[in-house]
Amino acid sequence: MKKNPKQLVAVIALVAIVVLIIAFVISAFTAGPGEAGNRFMALLFCIIAIPILAWVILFCIGRMQNKHTIAEFFPKQEKDAEKDN
């Protein structure tokens, strides 16, 4: 089954988030007292950053293909501008 780039980005992001959450739970039980805070913050940052990076990639893919995507901020303004020309 052929996947388009948007589906691949979404699947990769979901797998990465699941792996990070598993690492987060394992780290909670195995980290020493001095390193627990650093691991927590690093994993938390990655769990938050992955969806943002996936959104940016989906936005760029939509722009390169000249398609309107759900990742756009104001898709109606561009459609109105196209109608005026």
Side-chain angles (χ1 to χ4, degrees):
M1 188 165 112
K2 186 178 177 185
K3 302 265 185 198
N4 66 18
K6 293 177 188 177
Q7 290 175 331
L8 289 174
V9 169
V11 169
I12 290 170
L14 285 174
V15 169
I17 290 171
V18 168
V19 168
L20 286 170
I21 290 174
I22 291 169
F24 192 77
V25 170
I26 292 171
S27 177
F29 293 112
T30 61
E35 59 191 24
N38 291 337
R39 281 190 195 178
F40 174 79
M41 293 307 290
L43 289 170
L44 186 63
F45 173 78
C46 290
I47 290 171
I48 293 171
I50 287 176
I52 294 170
L53 292 175
W55 177 84
V56 168
I57 291 171
L58 291 174
F59 179 76
C60 291
I61 288 172
R63 283 295 178 181
M64 286 188 284
Q65 295 175 348
N66 286 330
K67 293 182 180 178
H68 297 289
T69 64
I70 60 170
E72 293 181 8
F73 290 118
F74 306 109
K76 290 184 180 181
Q77 288 181 352
E78 292 179 12
K79 289 179 185 176
D80 293 339
E82 290 174 2
K83 289 179 184 177
D84 292 338
N85 291 332

Cluster overlap Met41 with Ile17, hydrophobic side-chain contacts below 4.5 Å: yes
same_hphob_cluster(Val11, Val19) at 4.5 Å side-chain heavy-atom cutoff: yes
Distance, nearest 0.5 Å, that separates CG of Asn38 from CG of Leu43: 11.0 Å
Distance (rounded to the nearest 0.5 Å) between Leu44 CG and Ile21 CD1: 10.5 Å
Closest contact, heavy atoms only, Ala16 versus Ile50: CB-CD1, 3.6 Å
Hydrophobic cluster membership, Leu53 vs Ile48, 4.5 Å side-chain cutoff: no
Pairwise side-chain contact, Arg39 with Ile26, heavy-atom cut-off 4.5 Å (strictly under): no
Single-linkage hydrophobic cluster Val15~Val9, side-chain heavy atoms < 4.5 angstrom: no
Co-membership, hydrophobic cluster, residues Leu20 and Phe40, 4.5 Å side-chain: yes
CD1-CD distance between Ile12 and Gln7, expressed to the nearest 0.5 angstrom: 12.0 Å
